[in-house]
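Just so we're on the same page: letters track the sequence lines, and every chain starts at 1. Keep in mind that this is a model prediction, so the values were computed, not measured.
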Amino acid sequence: MEQKRRTRIVDLLKTSEIGQQTNVKGWVRTKRGNKHVNFIALNDGSCIHNLQIVVDVPNFDEELLKRITTGASVSIIGEICESTGSGQKVEIQAKEIEILGDCDVDKYPLQPKKHSLEFLREIAHLRFRTNTFGAIARVRHSMIFAVHEFFTKKGFLNIHTPIITASDAEGAGEMFKVTTLDLDNTPKTEEGQIDYSKDFFGKATNLTVSGQLEGELAALAMGEIYTFGPTFRAENSNTTRHLSEFWMIEPEMAFYNLDDNMDLAEEFLKYLIKYALDNCSDDLKFLSQRLQEEEKNKKADERSMELIEKLEFVLAHDFIRLTYSEAIDILKNSKPNKKGKFKYPITGFGSDLQSEHERFLVEKHFKKPVILTDYPKDIKAFYMKLNDDGNTVRAMDVLFPQIGEIIGGSQREDSLEKLTGRMKEMDIPEEEMWWYLDTRRFGSVEHSGFGLGFERMMLFVTGMGNIRDVIPFPRAPKTAEF
RNA sequence: UCCCCAGUAGCUCAGUUGGUUAGAGCGGCGGACUGUUAAUCCGUAGGUCGUAGGUUCAAGUCCUACCUGGGGAGCCA
């Protein structure tokens with residue numbers, strides 16, 4: 001067979017070169033027809049749509065056609081034709097068919113029918129071959145690109161922060177240990193503790209839970225920076241919103257106060273959403289239709305807004321900004337609180353906001369994304385700037401419908417004295433953080449930053465319900481198969 | 001980690017107060033149809049009822065433990 005470079009299906013479907021010969025390669029989704037003509041739906045991952053291959057059966061060997069089964073890979077040489085059927089504009093009239101890889105239908109788990117997401121999670125190595133996961137993979141790529149484009153346009157530098165860290169003081173969560181010690185025979189100190197001085201790095205090391213502290217070092221020299229890398233949390237979290245390994249975007253900006261920080265966060269989220277609408281419309285339409293079918297099984301009052309409509313709605317409206325104290329007042333006087341509908345009733349300042357409260361504010365009260373600021377210092381991290389009231393810190397959480405906290409950020413404490421004071425209160429050892437504190441010793445400036453969980457953004461943009469479906473190879477407790 | 005729900009054919013599920021030979025749809029396979037759109041129509045094969053114990057004359061069905069999956073909570077992004 002003549003080996004010409006193949007044409008991608010996404011390009012063929014846009015072509016006007018009727019009558020031209022072309023070569024396509026891909027995986028068979030379905031084959032149907034009769035003894036005279038067969039139709040192959042071929043997909044090569046370049047777009048959500050399949051290309052229809054028309055096969056005049058008498059022109060081909062019967063045994064060859066039998067091998068064209070769901071999942072088989074084929075190379076087709078044929079002529080681009082206007083389709084006489086109604087499902088597509090162009091199709092390929094096959095001249096030569098080569099089976100690249102057979103696919104035993106008795107063993108291949110993907111069938112030409114609808115599969116549940118739970119089942120596909122068990123065969124995650126093959127789920128790229130479905131419409132849904134193909135669409136998600138393409139949207140995910142577009143979102144990655146949009147992140148870099150947004151920050152590049154704004155003059156931010158991308159900084160690679162370390163994945164292995166020695167710092168365990170940040171307190172963002174349980175960490176995965178990194179070691180080359182023989183776990184069956186660990187060296188011990190005189191006190192009987194594990195002697196990490198004998199370990200690879202000469203000290204105890206972990207996988208990073210955040211690039212923020214290192215990001216601050218860069219920001220306090222480069223101005224505006226962002227990180228976009230893998231992050232690890234060893235929490236035993238079993239939810240639809242948590243992963244043990246996820247990708248986080250953390251911008252950090254010198255000379256930004258909390259208001260600047262909020263402006264940036266809102267602009268950033270809207271940029272990503274607009275990018276998806278502008279560049280992933282076919283995939284989003286497919287994901288939306290999928291969701292609409294699922295929604296049919298729900299009660300009328302539990303149905304959510306259509307996906308694209310929802311994305312456009314978020315673009316069109318300002319996020320609501322209010323302080324923690326204002327939120328507490330709203331919640332305290334809310335119907336569910338007065339009627340005792342909250343599992344955790346709101347009594348006043350200091351109450352921690354539970355998901356039920358966040359959901360009430362976002363989904364019932366404002367019906368828009370909400371940015372909550374100025375939380376009590378006791379429920380937030382040590383590095384957040386203390387307000388003049390001495391009680392609250394310049395924190396901000398961006399809350400999205402269905403997802404909850406999508407962004408957490410703050411203006412950072414730039415006073416060395418106040419920062420070390422907070423560290424003492426929270427029992428964070430100063431010695432280990434000397435390099436971080438140096439930023440406050442030498443030319444400290446007002447600065448701010450936030451962290452966006454990339455997969456949470458993916459949940460929102462794709463409308464998917466489980467975070468394990470928006471990352472190709474999910475890592476979660478008891479889950480590391482693929 | 002806690003609470004709730006589920007596990008029956010390749011997939012999605014039904015299976016009555018415990019009772020004789022385990023059911024459907026989809027998918028597969030065979031056949032029919034000269035252009036189909038996850039085609040349609042006819043036929044057909046396919047089961048260690050999650051695992052291990054227990055109760056009972058009798059267990060897919062009841063009890064216990066464990067495993068797996070899902071939903072919710074907490075932790076958070």
**OP:** Respond yes when some side-chain nitrogen or oxygen of A:Asn34 is under 4.0 Å from OP1 or OP2 of B:C33, and no when none is.
**Re:** no
Subject >> Position toward the 5' end of RNA chain B (nearest nucleotide), A:Thr70 or A:Arg359 >> reply: A:Thr70
Subject >> OP1 or OP2 of B:C26 under 4.0 Å from side-chain N/O of A:Gln111 >> reply: no
**OP:** Flag the pair A:Asp259 and A:Arg394 as a salt bridge only when some basic side-chain nitrogen lies within less than 4.0 angstrom of an acidic carboxylate oxygen.
**Re:** no
Original post:
Do any side-chain nitrogens or oxygens of A:Asn238 fall under 4.0 Å of OP1 or OP2 in B:C75?
Top reply: no
Original post:
So A:Phe473 and A:Phe128, ring pair (Phe, Tyr, Trp, His ring centres under 6.0 Å) or not? Walk me through it.
Top reply: CA-CA 11 Å; A:Phe473 305 104; A:Phe128 288 109; 5.8 Å; yes
Original post:
Under 6.0 Å between the ring centres of A:His148 and A:Phe228?
Top reply: yes
Original post:
Who does B:C11 pair with, Watson-Crick or G-U, both distances under 3.5 Å?
Top reply: B:G25
Subject >> Aromatic stack A:Phe39/B:G35: centroid gap under 5.5 Å, interplanar angle under 30° >> reply: no
Original post:
So which nucleotide does B:U68 pair with, by the Watson-Crick or G-U wobble rule with both distances under 3.5 Å?
Top reply: B:A6
Original post:
Is there a Watson-Crick or G-U wobble partner for B:G46 with both distances under 3.5 Å, and which nucleotide is it?
Top reply: none
Original post:
Does a distance-only test, which skips hydrogens and angles, find a donor-acceptor pair under 3.5 Å between the side chain of A:Arg456 and the base of B:C76?
Top reply: yes
Original post:
Has A:Thr231 got a side-chain N or O lying under 4.0 Å from the OP1 or OP2 atom of B:A77?
Top reply: no
Original post:
Would you say B:U12 has OP1 or OP2 under 4.0 Å from some side-chain N or O of A:Ser116?
Top reply: yes
Original post:
Looking at B:C76, does its base get a donor-acceptor pair with the side chain of A:Ser237 below 3.5 Å?
Top reply: no
Original post:
Is a donor-acceptor contact shorter than 3.5 angstrom present between the side chain of A:His242 and the base of B:C76?
Top reply: yes
Original post:
Is A:Arg67 salt-bridged to A:Glu63, cutoff N-O under 4.0 Å?
Top reply: no
Original post:
In whole Å, what separates the C1' atom of B:A38 from that of B:C62?
Top reply: 42 Å
Original post:
Can a donor-acceptor pair under 3.5 Å be found between the side-chain atoms of A:Glu118 and the base atoms of B:U12?
Top reply: no
Subject >> Pairing partner of B:U1 (Watson-Crick or G-U wobble, both distances under 3.5 Å) >> reply: B:A73
Original post:
According to the interplanar angle, ranging from 0 to 90°, do the rings of A:Phe156 and A:Tyr256 count as parallel (below 30°), tilted (30 to 60°) or perpendicular (above 60°)?
Top reply: perpendicular
**OP:** Once you apply the 3.5 Å cut-off to both distances, tell me the Watson-Crick or G-U wobble partner of B:A58, or none.
**Re:** none
Subject >> Check: A:Glu356 side chain, B:G72 base, donor-acceptor under 3.5 Å >> reply: no
**OP:** Would you please confirm or rule out a distance under 4.0 Å between OP1 or OP2 of B:A73 and any side-chain N or O of A:Arg241?
**Re:** yes
Subject >> Closest listed nucleotide, where the reference is the side chain of A:Arg233 and the choices are B:U34, B:C11, B:C76 >> reply: B:C76
Original post:
Is there a side-chain polar atom (N or O) of A:Lys478 under 4.0 Å from OP1 or OP2 of B:U1?
Top reply: no
